[in-house]
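Input: a single structure, listed below in structure tokens.
For clarity, every value in this text was computed on a predicted model and none was experimentally measured. All residue numbers in this chain count up from 1 along the given sequence.
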Amino acid sequence: MKKGLNWLSSLGAAAALGAAALLPTQAAAQDQAQLNAAFDRILGTEARTPQSYEAVYETGFEKRIAMLADGDKGRIGVAAVDLATGEEISILGDQRFPMASTSKIAIAATFMEGVEQGRWSLSSEFPLLIPVRSAKYSSDRAPVRRGKYLPAEELIELMITRSSNPATDALLDVVGGPSAVNDWMRRNGIGEFQLTRDIATLVRDDGEYDPATFIDKRDSATPKAMVELLTGLYQGKFLSASSRRVILGAMERCVTGKRRIPALLPASANVAHKTGSLNNTSSDIGIIQSPDGRAIAVAIYVTGQGTRLNREARIAEIASALYDGYVNKPSRNYANAPFGNGG
């Protein structure tokens, strides 16, 4: 009997200890329940999903351009704006890309400012600057020799319509070199642009970096900056109407880049553009006008993609999608908008 009493005593002690051990756990559970209730009162009881860091596109139009500008095979930068409505679209629009020969529009604009100031005229003659063979990186500036003297108006035509590098360097030398072009851009409110070398040096030293994976800020601009340049020319924000007609007219007569912006556009669309090509990079910038008078400023920079033909095909696809996306917006009359022909 004594042994049974001892057993009951031990069992009672164990139960008491167990109950004591449960007290803190129960208190903690009550505190947690109160905390959860407070959260629910403030934030609600609806299930909350984790934050997503994937790009979000507001329209199918934006999503379509983003898909075409996929950068898996090399960086692709796109900027465009409807010059009547101001509607913009941008994919890597703030990232620097090699300008290559698209910089020639800024060189032409800088030269035309000098014409307006009376420093020279379109009939002034200057010599072509023809590259002399030299080893890559052998000098800060590639050697050139003077060639035939041509009127400035002809040099501009050759520079833009046929992308002549000797004609470009002739005009670049006249205006005072890359720094003068950079100054013109800055004074007109365009910052993300940097011309560093003349064209002879740029071409000679091409290939130092792969633009598909590396951003070299020398001789580079953002797509948005180039669209700002095009917009200003078309809308008359800088230069006189006659100066703008010289540049935009030459862009309309451009014979390079037939597989780029114009390639997939309808025959009724009018294109004024300027191409650019360097190692593993192809580009095209310009103004596209629809038959109803709508104008779109476009800058497309494509790197990588395996071949030049692939890069050009991507430019054509993006340009076509931009045109379709803007032109198929609800219609309105653009013919009398105060932008046509740089007016």
Side-chain angles (χ1 to χ4, degrees), residues 99-134 139-185 188 193 195-206 219 226 229-230 233 238-258 260 262 271-278 283-287 341-342:
M99 286 186 288
S101 289
T102 64
S103 67
K104 294 172 182 178
I105 302 304
I107 294 171
T110 306
F111 182 86
M112 292 309 300
E113 181 184 63
V115 171
E116 294 179 6
Q117 294 171 345
R119 297 167 62 193
W120 44 72
S121 73
L122 287 173
S123 61
S124 299
E125 294 191 353
F126 305 101
L128 295 167
L129 294 181
I130 301 169
V132 175
R133 183 182 294 275
S134 61
S139 58
D140 289 340
R141 187 171 180 178
V144 295
R145 63 175 177 84
R146 293 190 172 193
K148 183 179 180 180
Y149 279 72
L150 295 173
E153 189 168 20
E154 188 172 344
L155 291 172
I156 291 172
E157 185 77 7
L158 288 170
M159 175 175 70
I160 294 177
T161 65
R162 299 183 180 278
S163 207
S164 167
N165 293 336
T168 303
D169 279 341
L171 295 170
L172 184 59
D173 184 64
V174 171
V175 301
S179 62
V181 180
N182 294 333
D183 178 63
W184 186 89
M185 293 287 279
N188 285 285
F193 174 103
L195 191 62
T196 311
R197 296 165 284 189
D198 62 10
I199 304 300
T201 309
L202 176 65
V203 171
R204 183 197 67 179
D205 294 346
D206 185 28
D219 303 292
M226 300 309 280
L229 173 61
L230 296 169
L233 284 172
F238 34 75
L239 298 179
S240 67
S242 60
S243 292
R244 298 195 304 275
R245 279 196 294 270
V246 169
I247 298 171
L248 293 171
M251 291 172 66
E252 287 181 347
R253 295 185 292 275
C254 181
V255 298
T256 63
K258 294 185 184 299
R260 300 188 190 184
V271 180
H273 67 126
K274 180 69 196 79
T275 57
S277 301
L278 282 172
S283 50
D284 206 356
I285 68 171
I287 305 288
N341 298 318

Might you work through the side chain to side chain contact (heavy atoms under 4.5 Å, CB included) test for Leu150 and Glu125, ending with a clear yes or no?
CA-CA 5 Å; Leu150 295 173; Glu125 294 191 353; over 6 Å; no
So do Met159 and Ile199 actually touch side chain to side chain, heavy atoms under 4.5 Å?
no
Between the CZ atom in Arg145 and the CG atom in Leu129, the distance rounded to the nearest 0.5 Å is 10.5 Å
Within the side chain of Arg253, is there an N or O that forms a donor-acceptor pair under 3.5 Å with the backbone of Ile160?
no
Listing request: all salt bridge (Lys or Arg N to Asp or Glu O under 4.0 Å) pairs with a residue in residues 101-124, at least two apart in sequence or in separate chains.
Glu113-Arg187
Tell me, do Leu195 and Trp184 make a side-chain contact under 4.5 Å, heavy atoms counted?
no
Side chains of Pro127 and Asp173: closer than 4.5 Å at any heavy-atom pair?
no
Measure across Ser101 and Asn165 and return the closest heavy-atom pair with its distance rounded to 0.1 Å.
OG-OD1, 4.2 Å
Under 4.5 Å between any side-chain heavy atoms of Val174 and Leu155, yes or no?
no
Could you pull out all residues at least two apart from Phe193 that satisfy ring pair (Phe, Tyr, Trp, His ring centres under 6.0 Å)?
none
Identify the two heavy atoms, one from Ile130 and one from Gly147, that lie closest to each other, and give their separation to 0.1 Å.
CD1-CA, 3.9 Å
Taking C-beta and beyond as the side chain, do Val115 and Val246 meet within less than 4.5 Å on heavy atoms?
no
If you define the side chain from C-beta out and look only at heavy atoms, does anything of Leu122 sit under 4.5 Å from Ile156?
yes
Quiz question: by atom type and distance under 3.5 Å, do the side chains of Thr275 and Thr256 form a donor-acceptor pair?
yes
Is the backbone N or O of Ala142 less than 3.5 Å from a side-chain atom of Ser134, with the two atoms forming a donor-acceptor pair by type?
no
Over all heavy atoms of both residues, which pair between Ser139 and Asp205 is shortest? Give the atoms and the distance, please.
O-OD2, 4.4 Å
So which heavy atom on Asp198 is nearest to which on Leu172, and how close?
CA-CD2, 3.7 Å
What orientation do Phe111 and Trp120 show, parallel under 30°, tilted 30 to 60°, or perpendicular over 60°?
parallel
Using side-chain heavy atoms (C-beta onward) and a distance below 4.5 Å, is Ser277 in contact with Arg260?
yes
Find the distance between NZ (Lys258) and CG (Asp284) and round it off to the nearest 0.5 Å.
11.5 Å
Rounded to the nearest 0.5 Å, what separates atom OG in Ser121 from atom CD in Glu153?
9.5 Å
Looking at every non-hydrogen atom in both residues, tell me the closest pair between Thr102 and Ser283 and how far apart they are.
CG2-OG, 3.5 Å
Side chains of His273 and Ile285: does their closest heavy-atom pair fall under 4.5 Å?
no
On a heavy-atom basis, the closest approach of Pro131 and Pro166 is CD-CG, 4.4 Å
Partners meeting salt bridge (charged side-chain N to carboxylate O under 4.0 Å, His left out) with Asp219 (sequence neighbours left out):
Arg197
